[in-house]
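In what follows, a structure is listed as structure tokens, so that the remarks can point back to it.
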Amino acid sequence: MSIVTPTEHPFAVFVRILGKGKRGARDLTREEAREAMGMLLDGKVEDTQLGAFLMLLRHKEESAEELAGFTEAVRERIQAPALAVDIDWPTYAGKKRHLPWYLLAAKCLAQNGVRILMHGGGAHTAGRMYTEQLLDLLNISRCEDWETVAATLDRGEVAFMPLRAWMPLLQRMIDQRNVLGLRSPIHSLARILNPLGARCGLQSIFHPGYQANHREASRLLGDTAIVIKGEGGEIEVNPDGIAHLYGTETGASWDEDWPALSPQRHVKPAQLDPQHLLAVWNGAEDAYGELAVVATMALALRGLGGQPREQAFALARQYWQHRNSSN
């Protein structure tokens, strides 16, 4: 037993701010969030503190200021060259009701000169289909370093880079999901990061109420972004329902509703066969899938050029009809 009062760990203050009870707890300021995330990324935190911090944030629900501060800390530590990117496309949720049609949308856009960086955190939840599992099937390049990303983009292809390859400590936090029993706020944070400063960041946030929060975080960061409640949590417009777009550009927020594309809902497939994605890319028909692909391309084009919905859809349909299915 020590009779000398121990020195408090420097990170303890951030755990205390979040966990000091109903009356004492509060949100972190943007500056506190930046400092806290910096300590996490620099390995200056104990494992017990990491778990407590992530779960307290999850219980409280992170604020826009916290998300902005966390993002600033991550961006300060990204060691990447200056690369021209049009669309930042985070893919962290996985699909379970429908196939990941967004992958065909991204491929088709890339064929038409849109430079797309995708990034994801691996397969972390049973029963879902993840981007990483379909890269080889769809001939999408997996990049382990920024040089490969640059070469892939210059070839006119989608570049996918695993989170572990450019921010491994964030990947470690995501991997805590099966230890802690809940997804941590890092799953949401990863969608905002836009590591290469793309012209537009697309974000899918499934849970109601979080979309506006993420839009506000991107606005605080000065980013151009569109946030949607994507199908299954991925950046994919569900053609069977109304899509609400939460946008921000040059520090101003905007909202837009896109009507459903089908008069009645399509029947959910009994099982998800990845080969069907390839078949549709090669010319097979799928009413739901093709609507989802075109609408998702239109979303990206809306974010890039500020085109009205009708023009974005017209261009997306043109791209899809003239896609090179051999690539």
Walk me through whether E157 and T152 qualify under side chain to side chain donor-acceptor pair (under 3.5 Å). CA-CA 6 Å; E157 300 174 9; T152 302; 5.2 Å; no
Decide yes or no on side chain to side chain contact (heavy atoms under 4.5 Å, CB included) for L291 and D240, but give the supporting numbers first. CA-CA 9 Å; L291 286 175; D240 288 344; 5.8 Å; no
For the pair R164 and E144, find out whether any cationic side-chain nitrogen is under 4.0 Å from an anionic carboxylate oxygen. yes
Examine I140 and W166 and state if one hydrophobic cluster contains both, with Ile, Leu, Val, Met, Phe, Trp and Tyr joined whenever side-chain heavy atoms are less than 4.5 Å apart. no
Geometric cation-pi criterion, R309 with F313: 6.0 Å, 45°: yes
Sidechain-backbone polar pair: N213 side chain, E62 backbone, donor-acceptor under 3.5 Å: yes
Can you tell me how far CG of L67 sits from CD1 of I192, rounded to the nearest 0.5 angstrom? 4.0 Å
Are L41 and F53 linked, directly or through other ILVMFWY residues, by side chains that come within less than 4.5 angstrom of each other? yes
Any donor-acceptor pair under 3.5 Å linking the side chain of R142 with the backbone of F160? no
Do I235 and V85 share a hydrophobic cluster, counting only Ile, Leu, Val, Met, Phe, Trp and Tyr and linking them when any side-chain heavy atoms are less than 4.5 Å apart? no
Does any part of the side chain of L193, heavy atoms only, come nearer than 4.5 Å to the side chain of L170, both counted from C-beta? yes
Taking every heavy atom of P274 against every heavy atom of L137, the minimum-distance pair comes out as O-CD2, 3.4 Å
Kindly determine whether W258 and I228 satisfy side chain to side chain contact (heavy atoms under 4.5 Å, CB included), including the steps that lead there. CA-CA 11 Å; W258 285 8; I228 63 168; over 6 Å; no
Can you measure from CD (E147) to CG (L83) and round to the nearest 0.5 angstrom? 8.5 Å
R97 side chain vs K268 backbone, donor-acceptor pair below 3.5 Å: no
For atom CD of E8, decide whether the heavy atoms of other residues, nucleotides or ligands shown that lie under 6.0 angstrom number more than 12. yes
Indicate yes or no for a side-chain donor-acceptor contact from R191 to the backbone of H187 under 3.5 Å, with no hydrogens or angles considered. yes
Heavy-atom distance under 4.5 Å between the side chains of M118 and Y102, does that happen here? yes
Quick one: OG1 on T248 to NE2 on H214, what's the gap to the nearest 0.5 Å? 14.0 Å
Check I116 against A110 and note the closest heavy-atom contact, atom names and distance. CD1-N, 4.4 Å
How long is the gap from OG1 on T71 to CG on N194, to the nearest 0.5 Å? 9.5 Å
Report yes if the side chains of L245 and R215 come closer than 4.5 Å at any heavy-atom pair, otherwise no. no
Any R172 side-chain heavy atom under 4.5 Å of M167 side chain: no
Quick check for you: to the nearest 0.5 Å, what is the distance between L202 atom CG and R302 atom CZ? 12.0 Å
With distance as the sole criterion, is a donor-acceptor pair present between the side chains of S262 and Y288 under 3.5 Å? no
Between R30 and A68, the two heavy atoms sitting closest are NE-CB, 4.0 Å
Counting distance only, does the side-chain N/O of K20 pair as donor-acceptor with the main-chain N or O of R26 below 3.5 Å? no
Any donor-acceptor pair under 3.5 Å from S204 side chain to G233 backbone: yes
Which heavy atom of L117 sits nearest a heavy atom of V149, and at what distance? CD1-CG1, 4.1 Å
For the pair E35 and F14, evaluate side chain to side chain contact (heavy atoms under 4.5 Å, CB included) and give the outcome as yes or no after the intermediate values. CA-CA 9 Å; E35 183 179 353; F14 301 117; 3.6 Å; yes
Please list, chain by chain and in numerical order, all residues satisfying side chain to side chain contact (heavy atoms under 4.5 Å, CB included) with A80, sequence neighbours excluded. I78, W146, L196
Same cluster (ILVMFWY, side-chain, under 4.5 Å), V294 and L299: yes
Flag, side chain of R115 to backbone of A84, donor-acceptor distance under 3.5 Å: yes
E290: partners by side chain to side chain contact (heavy atoms under 4.5 Å, CB included), with sequence neighbours left out: V280, E285, W320
Between R199 (side chain only) and L304 (backbone N and O only), is there a donor and an acceptor less than 3.5 Å apart? yes
Can you give me the closest heavy-atom contact between F70 and L189, atom names plus distance? CB-CD1, 3.7 Å
Taking atom types as modelled, find out whether S188 and Y210 have a side-chain donor-acceptor pair closer than 3.5 angstrom. no
Separation of N112 CG from K107 NZ (nearest 0.5 Å): 12.5 Å
Is it true that a side-chain atom of Q49 and a backbone atom of E46 form a donor plus acceptor pair closer than 3.5 Å? yes
Evaluate whether atom NE2 of H244 has more than 12 neighbouring non-hydrogen atoms of other residues, nucleotides or ligands under 6.0 angstrom away. yes
Salt-bridge criterion met for R75 and E72 (N-O under 4.0 Å): no
Check: E65 side chain, T29 main-chain N or O, donor-acceptor pair, under 3.5 Å: no
Any donor-acceptor pair under 3.5 Å linking the side-chain atoms of E231 with those of H98? no
Considering all heavy atoms of both residues, which atom of R58 and which atom of P185 are nearest to each other, and what is their separation? N-CG, 3.8 Å
Taking the side chain as everything from C-beta on, heavy atoms only, tell me whether P100 gets closer than 4.5 Å to L277. yes
Between L18 and E66, is any pair of side-chain heavy atoms under 4.5 Å apart? yes
Is there a donor-acceptor contact under 3.5 Å linking the side chains of E236 and T296? no
So, do S141 and R155 sit near enough that their side-chain heavy atoms are less than 4.5 Å apart? yes
Side-chain heavy atoms nearer than 4.5 Å, only ILVMFWY residues, links allowed to pass through others: does that put L272 and L103 together? yes
For the residue pair Q171 and I174, establish whether any side-chain heavy-atom pair is separated by less than 4.5 Å. yes
After noting the C-alpha distance and the side-chain angles of L104 and L138, does the key distance pass the side chain to side chain contact (heavy atoms under 4.5 Å, CB included) rule? CA-CA 8 Å; L104 301 191; L138 298 176; 4.2 Å; yes
May I ask you to decide if the ring planes of H9 and F11 are parallel, tilted or perpendicular, using 30° and 60° as cut-offs? perpendicular
